[in-house]
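This report refers to the structure that appears directly beneath it.
A note on names: the letters A, B, ... follow the listed sequences, proteins ahead of strands, and every chain is numbered from 1.
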Amino acid sequence: MEYDFENIEKKWQEVWEEKKIFKTKNNFSDKKFFGLIEFPYPSGKGLHVGHLRTYIAMDVVCRKRRMMGYNVLYPIGWDAFGLPTENFAIKNKVHPQKVTEKNIKNFRRQLKSLGISFDWEREIKTTDPEYYRWTQWIFLKLFEKNLAYKKKMSVNWCTSCKCVLANEEVIGGICERCNHEVIQKVKSQWMLKITAYAQRLIDDLDKVNYSSRIKNQQKNWIGKSEGVDIFFETNTEDKIKVYSTRPDTLFGSTYLVISPEHELINTWTKKLDNLVEIEKYKQQAKRKSDFERTKLAKEKTGVKLGGVFAINPVTKHKLPIFISDYVLSSYGTGAIMAVPAHDERDYEFAKKFNLAIIEVVSGGNLSKQAYTAFESGTLVNSDFLNGLSPKKAKEKIILFLETNRLGERKTNFKLRDWVFSRQRYWGEPIPIIYCNRCGYVPVSETQLPLELPQIDSYEPTETGESPLAKISEWINVTCPKCGAKAKRETDTMPQWAGSSWYFIRYLDPKNDEVLANKEAINHWLPIDWYNGGMEHTTLHLLYSRFWYKFLYDVGVVSTDEPYKKRTSHGVILGENSEKMSKSRGNTVSPDIIVKKYGADTLRLYEMFIGDFEKVVSWQQGGITGCYAFLKRYVNLLNISNEKKDLRKELEAKFHQAIKKVTEDIEAMKFNTAISTLMSLLNEIYLTKSVTREEVRIFTLLLSVFAPHITEEIWEKFSFSNKLLAQETWPNFDEEKCKEDSFEIALQVNGKVRDHMVIVFSQTKEEILKEAKRSKKILKEIKSKEILKEIYVKNKLINIVLR
RNA sequence: GCUGGUGUGGUGGAAUAGGCAGACACAAGGGACUUAAAAUCCCUCGGUGAUUUAACAUCGUACCGGUUCGAGUCCGGUCACCAGCACCA
């Protein structure tokens, strides 16, 4: 038989579709498996081979689970709101809706050409009003529980997108999406109080099976730290509250620093004798973008506040107060006690401004650098703390501060609340109405979905207002509460909104009464296995865990973590080992590979290319090996004999292969699962023939990787009238994995000198006796004294000589 | 700087739990078949040095040291690279 992949693949894709073979059963009693991949953003560029890794891997897992008797849910949808589509639409003067439809069509075609076993009847898209109705509904619930609030604040503003960004979307002062500079701008924004969930988002990581890489990144991002707020008296009636994780060094605090935005500066305008200088510094700090602050402004700057000072609560020394932009207004209290001897930044600042450096933890060399160790050193110059370790001193001073009402324990997080509004057209409208009398009033649930108005011009505005602000007939409404004239919120939600709960909609995508039927929710959630990219660890993964926990709190879902298990695939780089992107010109389209070698070869290669969790470079040459393997598999037709059973000489090999493939797929070691199948095929070819049972088992194992050609062979051999997805995954017998005889290594002093074939039943004594007859071993031991004889079962013996 | 991870042939990568390093492929070289090419099949393929009626010795998993009968794997140190965070007090 020729390997006519083009017709074979077309034929079976049609059969699967017609027989609805991958449709998830609406049956809540079977054992279930919910496999999830991150639903794609349908860009105009189409999919490249790097995108496919996750879909194929989860497809392999899901196909196997189906054969193991699970009712499998493997859904797909489109995360379709977003800036690239909107920008493309503006540039080409088409409606984003049309662009989206076109892109989805292309994505759908590409995914279907690969034979991924999605249940296409549950397809969803976030831009569908019947979908975003529920995104808006969740927002209203958040608003109702005071977890959505509007706040005038300094936000990240992308100069190119003309839009606000969340902290998570700013990478090193640069817009994550367009790589343009991000500046700070004061705007009134909708915020979600994700910080209220910070502790739970850390704690509950213990309940889930994520790789340590993911857990660590999430923990780092949330950034919990435990310390104490300390009150410093001043020569005014105001106290300064500082936050410190090292109160043990309080005796070494020689000055205070507050952030340029600190409100005490406004309170003190009359007392400050160098206000002009201070104001000038404040203006400078304000103009600096995040980019400048992080990349250029490592040199410490600041201004001493003239006319005011603080008192160190334990030494009673007068401490000067500075403003400096190395203290952030958004973290802690926006003020610090500087301990130059034991903090690098304070040290640098103190050196520059010639401030006192007092050692309070011995062990360092202060003429060179600050001594920041917490695990070692001893307290000195610290009165009642002298002689203690920093750890013990910390406990003691906190107790002292608390008893004397000079401070209180405090936990802080680096995580900030989620900036939730965007000044763009192509997103979910925020269902809030502003009334001069009643304030922010929610749109009634019965009015949802609040649809995006159809307009012709949706360019972002220079003023930073949403394009929706221009449509007076849309924004001018009456207040739902009092009936007075009122205005709609014109900002839209960020792209992360729709993807924060999408997996719940898959359970019941057509329901028009609730976001999903409760029975379905209870049956299918949590998700059994979610695979996606590392780049979403601090964005999508954190946001969706937050929303899920919220939905748990309001009784929509019955568990408090959405993903039982989360894994990440390594990125596939282009052949030049750079990230695949159109601008670099190194993308590889699946369409070309499918046309030349077929989907099965592409699928196989994607899984064979390397360690699933590691970054790999695409290598066009590597495909031919997988293609050749499939052709050799097809060729089994030509060497098959009519004998039925597994042949004795291959029995152990087959059982070992079943075991290995079964276990490797669960561990995501797809590459070694495939190499096992390659080896097994090589073994079969050595015998120059194959039995029906051997073809049957081999086909079942291979079918999850290469579903089309295996279906064809299955039919050619007429093993059954069922399709492979309806068949049973083969079992292995641990006993039958063992071979009757095998080779072990003979070592002398740990070096391999010879090999020997033994029979399974032989004892250590028998083996040793025989080993010592080996010429090469005899040569080594000669007349030397044997100290020890080690036998590692079925592996080796080692004779240790003096 | 901090946190996490990685380092194995010309290349991608294997190597349960400390037990024969280099599975499985790619590339390369040689051969068979062919008018030729493609396809297919067979052989070689870490370095060095022997041997060629014999298939042996020796080194080798970033580097230095340690534990062990035995280390790619464990421990200590060094270097390099990747990812995330980055003035978070």
Given the [atom1] atoms of [N] and [M], what is the spacing between them in whole Å?
N	M	atom1	result
B:U61	B:G22	P	14 Å
B:C56	B:U51	P	15 Å
B:G10	B:U78	C1'	28 Å
B:U73	B:G9	P	15 Å
B:A62	B:U68	C1'	23 Å
B:G13	B:C82	P	16 Å

Using a cut-off of 4.0 Å on non-hydrogen atoms, how would the nucleic acid contact of [X] be classed: base, sugar-phosphate, or nothing?
X	result
A:N682	sugar-phosphate
A:N671	sugar-phosphate
A:Q747	base
A:V792	base

My validator wants the stems of RNA chain B: runs of 3 or more consecutive Watson-Crick or G-U pairs, both distances under 3.5 Å, written as range with range. B:1-7 with B:79-85, B:10-12 with B:24-26, B:28-32 with B:40-44, B:46-49 with B:56-59, B:62-66 with B:74-78

Separation of A:H262 atom NE2 from B:A89 atom P, in whole Å? 17 Å

Here the distance between atom P of B:C24 and atom OH of A:Y605, to the nearest Å, is 18 Å

I want to check a possible cation-pi pair here: A:R246 against A:F374, using under 6.0 Å from ring centre and within 45° of the ring axis as the test. no

Using a 6.0 Å distance limit plus a 45 degree cone around the ring axis, check whether A:K300 lies over the aromatic ring of A:Y326. yes

Generate the contact string for nucleotides 53-59 of chain B. Rules: B means base contact, S means sugar-phosphate contact only, - means no protein heavy atom under 4.0 Å. ---SSSS

For a quick check under 3.5 Å, do A:Y627 and A:D600 share a side-chain donor-acceptor pair by atom type? no

Will you find, in the side chains of A:Y347 and A:T372, an N or O donor that is under 3.5 Å from an N or O acceptor? no

